[in-house]
Amino acid sequence: MLQVAHTPSTMMLKLGTGAPGFSLPDTAGRVHSLDDLAAAPALLVAFICSHCPYVKHVRAGFAALGAEYQKRGVAVVAIASNDVQAYPQDGPEGMKAEAREAGYAFPYLFDETQEVAKAYRAACTPDFFLFDRERRLVYRGQMDGSRPGNGVPVTGEDLRRALDAVLEGRPAPAQQRPSLGCNIKWKPGNEPSYFASGA
């Protein structure tokens with residue numbers, strides 16, 4: 001039986017922190033940067049990948065949530081940071097197929113150097129970060145309480161609550177729970193200081 005790593009969000013990027021910059025290619029090779037999204041009233045950044053069972057579990061719900069909030073003006077980007085030497089299915093070709101199959105209507109970006117994941121203190125897939133109009137972090141953690149096999153429906157309720165608060169000018173919920181998923185697959189020798197080996 002395949003052993004699946006259970007890695008929680010670090011929750012290390014402090015609330016109020018400015019969004020770390022990025023300039024990354026999507027599955028068509030077009031580069032997207034943080035500056036391109038400056039006009040949006042909120043920014044949602046999700047670290048995901050193509051093979052992770054946790055991502056597969058929520059991907060339809062995440063695709064729907066992303067499309068819904070994009071219509072309300074939110075900028076949504078997903079980022080894949082896994083080592084593609086060890087996990088080639090998580091590279092640009094696999095990402096392209098995944099975006100098509102999942103129905104992602106938002107840019108799916110490739111973080112080949114893994115530096116963006118490190119800047120966000122991302123640890124697992126999926127891992128979500130929400131920033132307000134001023135690009136200050138207001139939420140980090142889980143989409144909702146659903147996990148593979150736990151019987152909880154995928155609703156996106158935690159993330160929706162935070163998104164609605166930002167769009168309505170209210171504070172995001174103070175209680176924020178870490179996401180849980182497969183650890184980001186770091187390149188050998190590129191593991192960040194916060195990575196717990198074997199997690």
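Sequence positions, counted from 1, serve as the residue numbers for this chain. Note that the structure is a prediction, hence the values are computed from the model and not measured.
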Please walk me through it: do L159 and L65 pass side-chain contact (heavy atoms from CB on, under 4.5 Å)? CA-CA 9 Å; L159 203 46; L65 180 149; 4.3 Å; yes

As a quick check of understanding, evaluate side-chain contact (heavy atoms from CB on, under 4.5 Å) for T7 and F195, giving each step before the final call. CA-CA 10 Å; T7 300; F195 174 64; 5.9 Å; no

Might you work through the side-chain contact (heavy atoms from CB on, under 4.5 Å) test for L167 and R72, ending with a clear yes or no? CA-CA 8 Å; L167 292 176; R72 296 175 63 183; 3.6 Å; yes

Could you walk me through whether Q85 and K185 pass side-chain contact (heavy atoms from CB on, under 4.5 Å), step by step? CA-CA 10 Å; Q85 293 298 315; K185 309 307 182 193; over 6 Å; no

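With hydrogens and angles ignored, the 3.5 Å screen pairs no side-chain donor or acceptor of K71 with any backbone N or O of G66. Proximity of a side-chain donor or acceptor of S9 to a complementary backbone N or O of M11 within less than 3.5 Å is not detected. A distance-only check finds a donor-acceptor pair linking the side chain of Q176 to the backbone of P173 [under 3.5 Å]. At distances below 3.5 Å, at least one donor-acceptor pair connects side-chain atoms of Y120 with backbone N or O atoms of P20. Listed for the S179 side chain is a donor-acceptor partner under 3.5 Å among the backbone atoms of P126. With hydrogens and angles disregarded, no donor-acceptor distance shorter than 3.5 Å links the side chain of D164 to the backbone of R161. Side-chain atoms of K187 come within 3.5 Å of backbone atoms of E112 as a donor-acceptor pair (strictly under, hydrogens ignored). Judged by distance alone, with hydrogens and angles left aside, the side-chain atoms of D26 form no donor-acceptor pair with the main-chain N or O of Y108 at under 3.5 Å. Checked by atom type and distance alone, the side chain of S146 pairs as donor or acceptor with a backbone atom of V152 at under 3.5 Å. Judged purely by atom type and a 3.5 angstrom limit, Q89 has no side-chain atom pairing as donor or acceptor with the backbone of G94.
Connection of V55 to L180 is not established within any shared hydrophobic cluster, with ILVMFWY side chains joined at heavy-atom distances below 4.5 Å, either directly or through further cluster members. Tracing side-chain contacts under 4.5 Å through hydrophobic residues (I, L, V, M, F, W, Y), one reaches L163 starting from F128; they form part of the same cluster. With hydrophobic clusters built from ILVMFWY side chains whose heavy atoms lie under 4.5 angstrom apart, I184 does not share a cluster with V58. The hydrophobic clustering, which links ILVMFWY residues whose side-chain heavy atoms are closer than 4.5 Å, places V154 and F62 together. L15 and L43 fall within the same hydrophobic cluster, where Ile, Leu, Val, Met, Phe, Trp and Tyr residues are linked whenever their side-chain heavy atoms come under 4.5 Å apart, directly or through other members.
Counting heavy atoms from C-beta on, the side chains of M143 and R160 never come closer than 4.5 Å. At least one side-chain heavy atom of V116 sits under 4.5 Å from a side-chain heavy atom of L24. With a 4.5 Å cut-off on side-chain heavy atoms, L130 and L137 do not count as touching. A heavy-atom distance below 4.5 Å is found between the side chains of P188 and D83. T27 is not listed as a side-chain neighbour of E98, based on a closest heavy-atom distance of 4.5 Å or more.
From I79, atom CD1 reaches atom CD1 of I48 across 9.5 Å, with rounding to the nearest 0.5 Å. Between atom OG1 of residue T113 and atom CG of residue D111 there is a gap of 5.0 Å, rounded to the nearest 0.5 Å. Here the CG atom belonging to L34 is positioned 5.0 Å from the CZ atom belonging to F22, to the nearest 0.5 angstrom. Atoms CG and CD, from L44 and Q70 in turn, are 9.5 Å apart once rounded to the nearest 0.5 Å. For the atom pair R100 CZ and M95 CE, the distance stands at 13.0 Å (nearest 0.5 Å). Note that SG of C182 and CG of D90 are 9.5 Å apart. Values are rounded to the nearest 0.5 Å.
Between A165 and A172 the shortest heavy-atom distance is CB-CA, 4.0 Å. For the residue pair S23 and V31, the shortest heavy atom distance occurs at OG-CG1, 3.2 Å. Residues F110 and P92 share a closest heavy-atom pair of CD2-CG, 3.7 Å. For A117 against W186, the heavy-atom pair with the smallest separation is CB-CH2, 3.8 Å.
Among pairs with a residue in residues 118-144, those fulfilling salt bridge (charged side-chain N to carboxylate O under 4.0 Å, His left out) read E115-K118, at least two apart in sequence or across chains.
Under a cut-off of 6.0 angstrom, the local environment of CZ in R30 is sparse, with at most 12 non-hydrogen atoms contributed by other residues, nucleotides or ligands. Taking a 6.0 Å sphere around CD of E168, one finds it holds more than 12 heavy atoms contributed by other residues, nucleotides or ligands.
Residues Y139 and F129 keep their aromatic ring centres 6.0 Å or farther apart. A distance of 6.0 Å or more separates the ring centres of Y69 and F106.
For the side-chain hydrogen bond (donor to acceptor under 3.5 Å, both in side chains) with Y54, the lone residue among R147, H6, R59 that qualifies is H6.
Scored by the salt bridge (charged side-chain N to carboxylate O under 4.0 Å, His left out) test, D158 finds R177 as partners (sequence neighbours excluded).
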